[in-house]
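Comments concern the structure below.
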2 protein chains.
Amino acid sequence: MTDGVAERSRPRDRILETAQDMFHKHGIKGVGVDAITEAAGTNKMTLYRHFESKDDLIVECLRATASKASRIWDEFEAKHPGDKLAQLHAWVQKASELLSADSRGCDMANAAVELTETDHPARRVIKELKEAQREKLVALCRDAGIGQAELLADTLSLLLEGARVSMQSVGAEGPSAQFVRMAESLIASFRAR
Amino acid sequence: MTDGVAERSRPRDRILETAQDMFHKHGIKGVGVDAITEAAGTNKMTLYRHFESKDDLIVECLRATASKASRIWDEFEAKHPGDKLAQLHAWVQKASELLSADSRGCDMANAAVELTETDHPARRVIKELKEAQREKLVALCRDAGIGQAELLADTLSLLLEGARVSMQSVGAEGPSAQFVRMAESLIASFRAR
DNA sequence: CTAGGGTGTTACCGGTCTGTAACTTTCAGA
DNA sequence: TCTGAAAGTTACAGACCGGTAACACCCTAG
């Protein structure tokens, strides 16, 4: 009713999906477990039967989000089978869609900003997942025949990361509006070397 | 004693400085007013005599931080009077020093991530101050004789913003390690156009 | 010396937070 | 139809949060 989540799924799935959404919109420290369970159409006890703690829920949410994101890479391969350069351009395109569709940035980066305790269980997960994403982008650049693949991948990563956080500071009309142009001319200049 | 702030200054100044430091290290929602006043060697009542609310304190902290940052620009002009291109390289150098000295990124960007309420008083301040910084960098690029000054400035902004948030996710050995190389080759390529 | 503003101290308010206990209801499968 | 696990309900514990009231203290300007 007040709920955007498919009503008849298992409570654990509803909690996970609702928590992802609410953490994303309001920040991790900006939403309590009561609010999550209420929005998920269940209650706190059920949450704690499925998750050890809020921290555990956070970790599971990050893993779920990363898992969704990794499915996007399969789309690239499906749409441009074998054509790695086209897949790289598709990456840029997809990134720009993310920017225009959603102004709250990357859940993992946001979590890293919010969870300042150096030993927070989510921090190792964030690092692990971000490094996996980096590896994918490096491999894509390399397979697209670009010489300095690592450098291009890292530059594109920083540009996107910067665009997603810049949107949260100054909005979509700020520097992030030029993301596609920046990324494409970067790729062109790396290809020309 | 447990306190890094100069002991004998006015309580208001101590609170402001301590709050900046603690907000930076632990995040805005990660530190309470009690902890701030205790670290500042004073008490909560004194804080509320000088600041209307925690939100007001947050805003003043952001303004103070931005004011410190703007003094850096004076250094550029002092060290390389009239030589705008040298000042731009000094900006890159200074940015990389920020990256190696501190892994908690930009206070304004972090605040934008944490304070998700769209009508939070800090949000307009963040936008305002970030836009002012952007204007400065655009002017510097233009005065350095670069044609597409806005595009270079925005690209450098996104790179730095991305580097500062990337450090918080994957650490200093991640993509942000290449920031100087990226920035310098960007400047070179814009100058060659 | 004295008046008064800035500061410190203590206690408190109402609210929210994570997490738990004890109990009841629902519902699917044997 | 019976059983047993999953889920819902209510209440609560203990801590912390932002913010305020009332009062005692100091210390400097006059």
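On a predicted model such as this, the values are computed, not experimentally measured, just so you know. Per chain, numbering begins at 1; letters A, B, ... match sequence-line order.
- Scanning atom types as modelled, no donor and acceptor separated by under 3.5 angstrom connect the side chain of B/Lys54 and the base of D/dG19.
- Between B/His50 and C/dT7, a side-chain N or O to OP1/OP2 separation shorter than 4.0 Å is present.
- Residue A/Met45 places its side chain closer to C/dA22 than to any other of D/dG18, C/dA22, C/dG19.
- Here the P atom of nucleotide D/dA6 and the CG atom of A/Leu47 are 16 Å apart, to the nearest Å.
- As rounded to whole Å, 10 Å separates atom P of D/dG18 from atom CG of B/Asp55.
- Distances from the side chain of B/Lys44 to the nucleotides C/dG19, D/dA7, D/dG18 place D/dG18 closest.
- To the nearest angstrom, C1' of D/dC17 lies 15 Å from CD of B/Glu38.
- One donor-acceptor pair, N or O on each side, does fall under 3.5 Å between the base of C/dG8 and the side chain of B/Arg49.
- The CZ atom of A/Arg142 lies 11.5 Å from the CG atom of A/Leu152; values are rounded to the nearest 0.5 Å.
- Checked against C/dG19, C/dG8, D/dG18, the side chain of B/Tyr48 finds its nearest nucleotide in D/dG18.
- Distance check: A/Phe23 CZ to A/Leu62 CG gives 8.5 Å after rounding to the nearest 0.5 Å.
- When rounded to the nearest whole Å, the span between CG of A/Asp56 and P of C/dG19 equals 10 Å.
- Computed from coordinates, the A/Arg10 CZ to C/dA28 P distance equals 11 Å when rounded to whole Å.
- Taking every heavy atom of both residues into account, B/Glu114 and B/Lys29 meet most closely at OE1-N, 3.0 Å.
- Atom CG of A/Asn43 and atom C1' of C/dC23 are 13 Å apart (whole Å).
- For B/Thr46, a side-chain nitrogen or oxygen approaches OP1 or OP2 of C/dG8 to under 4.0 Å.
- The minimum heavy-atom distance between B/Lys130 and A/Val170, with the atom names listed, is CB-CG1, 3.4 Å.
- Between B/Asp34 atom CG and C/dA11 atom P there is a gap of 14 Å when expressed in whole angstrom units.
- The nearest whole Å value for the distance from the CE atom in B/Met22 to the P atom in D/dC17 is 10 Å.
- Between the base of C/dG6 and the side chain of B/Arg12 there is no donor-acceptor pair shorter than 3.5 Å.
- Remark: of the listed residues B/Asn110, B/Asp102, B/Thr65, B/Asp102 is the sole one forming a side-chain hydrogen bond (donor to acceptor under 3.5 Å, both in side chains) with B/His24.
- Taking only side-chain nitrogens and oxygens, A/Thr42 comes nearer than 4.0 Å to OP1 or OP2 of D/dG8.
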